[in-house]
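First up is the structure itself, then whatever we jot down about it.
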There are 2 protein chains.
Amino acid sequence: MTAKPQSVEEFQARLREVSDGLPKRMRQCADYLAANADRVALSTVAELAAGAGVAPSAMMRFCQILGYSGYSEMQQVFRAAVSSGFPDYASRIASLRDRGADSPSALLAEFVDAGRGSLETLANKVDARVLDQAVAALAGARMIHLAGMRRAFPVSAYLAYAFEKMGHPAMLHDGVGALQQAASIREGDALIATTFTPYSGETVDLIQSCADRGIPVVVLTDSPLGPVQSGSVLTLPVAEADVGAFRALSATHCLAITLAVAVGAAKSGGG
Amino acid sequence: MTAKPQSVEEFQARLREVSDGLPKRMRQCADYLAANADRVALSTVAELAAGAGVAPSAMMRFCQILGYSGYSEMQQVFRAAVSSGFPDYASRIASLRDRGADSPSALLAEFVDAGRGSLETLANKVDARVLDQAVAALAGARMIHLAGMRRAFPVSAYLAYAFEKMGHPAMLHDGVGALQQAASIREGDALIATTFTPYSGETVDLIQSCADRGIPVVVLTDSPLGPVQSGSVLTLPVAEADVGAFRALSATHCLAITLAVAVGAAKSGGG
DNA sequence: CTGAGAATAGAATAAACATTCCATTGAGAC
DNA sequence: GTCTCAATGGAATGTTTATTCTATTCTCAG
């Protein structure tokens, strides 16, 4: 017997399970729900059916195909997800802002909001294939070099910490003493460069020289194009929301740590 | 005339506006809504009224006091807020996870989710008064010293960047060459220390010695208690969610940049 | 071409719901 | 002490919404 999905994740899985061999109208329901799962929590069965282009009764039957007793039972799953994902965040942010337009609390509310937005955008916009390629390219490297100047430096520094903790050879190009660490990049190595517009000249030069030599390069940046286009350069764009002239870089750090841990997992898992 | 609040922020403001001189039951409604605004989107009047300990009709009257024609109109405001704050994030995360349990995409989903959760917790749990005190203490300092080892180092590095960009004197204790930078902390300076359990001995010692000398210290840490309790130490706890053995530090970076920008604003605004 | 079966849409029904009305209570004024 | 008016609770009402039932259409096998 097909048990009713108790969470949004289970729901999505169940949706794919049944998606093959479905009559036309049922398939319309499945497609629409897959693309508009977020609307279930607040819509009526009539609205949803209209959106999917089917009769309300068709949507009802589809709910039962998924294992629920009816629409209401299915909706409860999504309502639970919404209320946990929206505890009292919005009102809390509002009350922080209310402490005064220029108060630290209001500023924190801005940064938290920007960070949350950036993380959501990251989840929505990331190209999973490029991410997979980046992990594969880095997992094959003997040593990983980390470059990032000024505001990008903390990202590289955290990558250095993560790789050290996992016992993976990594070198942070920190520019101490203005030493030319670029010369230490050898065949078989790889580079993770973090840079934001306006791109730092040194970082761009480093990316370019590695690209010319065929060294794999992964670039974390804020523009879809990235600073350098080349076959061996994989660009992972991160749209980071600004608060005034500053950014919290929440999404960039998130992507960076993902990259590091995924490479670590690939190394230990793959041999 | 009192127009109906069109957003959650306006709603909160209106709530405070009318909160004085309200009959007993109306006051109960106001108090309950202020504390449970997040429930409005999904609850019925009956549920809400029961929660507030009043009759459903009393809740109806209160909606009209706020300027709405009835409960449904008020609820629409909250529903709009929910649906904008929950675009298709949950389903997107689910689809990233579905690319395979150990895939980079699934890992990214975990970190994004953890980051979002941490930011929400930060907004909910931060003590606005302590934050205000911290900004005031730092704004009065001639030079701000920044300490943080290992995984806390990126936070300090980003603070150093932010203060530099705002033209505020700041010194990053980066431990290059194992120089004893502690000796450069003078009367009239302040310290921002970032440290996570298990606390780094050097950072704890630095905090302690500053505290003993009466130097203002602001500590960003993951435990409510913090590494050192003392009159001149202001602890700002940040609960950061783990993914396996790693954290993205989204919330900590967020709090750090807030601190920096707030101090910059206080300096330029107050003198 | 015809019959059987599923699939679908539309109408009917029943439940839940917001909303309104009215009787009762409580507080303050004269 | 009583009269008045605001405040309140509970029942009544009309609307919305999920759900079910049934007639019709469509599809495929024989």
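Per chain, numbering begins at 1; letters A, B, ... match sequence-line order.
Listed by chain and number, the residues in a ring pair (Phe, Tyr, Trp, His ring centres under 6.0 Å) with B:Phe111 amount to none (sequence neighbours excluded).
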(request) Indicate for each nucleotide in nucleotides 5-21 of chain C, in 5' to 3' sequence, whether protein heavy atoms under 4.0 Å reach the base (B), only the sugar-phosphate (S), or nothing (-). (result) --SBBB------SSBB-
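Screening residues 6-56 of chain A for ring pair (Phe, Tyr, Trp, His ring centres under 6.0 Å) gives A:Phe11-A:Phe78 as the qualifying pairs, with residues at least two apart or on separate chains.
If you measure from atom CG of A:Leu42 to atom C1' of D:dT17, you get 15 Å, rounded to the nearest angstrom. Across the protein-nucleic acid pair, A:Gln76 atom CD and D:dT17 atom P stand 18 Å apart, rounded to whole Å. Here the P atom of nucleotide D:dT19 and the OH atom of A:Tyr68 are 13 Å apart, to the nearest Å. When the P atom of D:dT8 is taken as reference, atom CD1 of B:Ile65 falls 9 Å away, rounded to whole Å.
Closest non-hydrogen pair, B:Cys29 versus B:Val54, comes out as SG-CG2, 3.8 Å.
For the residue pair B:Thr252 / B:Glu240, a side-chain donor-acceptor distance below 3.5 Å is found, with atom types taken as modelled. Counted by atom type alone, B:Gln28 and B:Arg25 present one or more donor-acceptor pairs between their side chains at under 3.5 Å. There is a side-chain donor-acceptor pair under 3.5 Å between A:Asp222 and A:Thr197.
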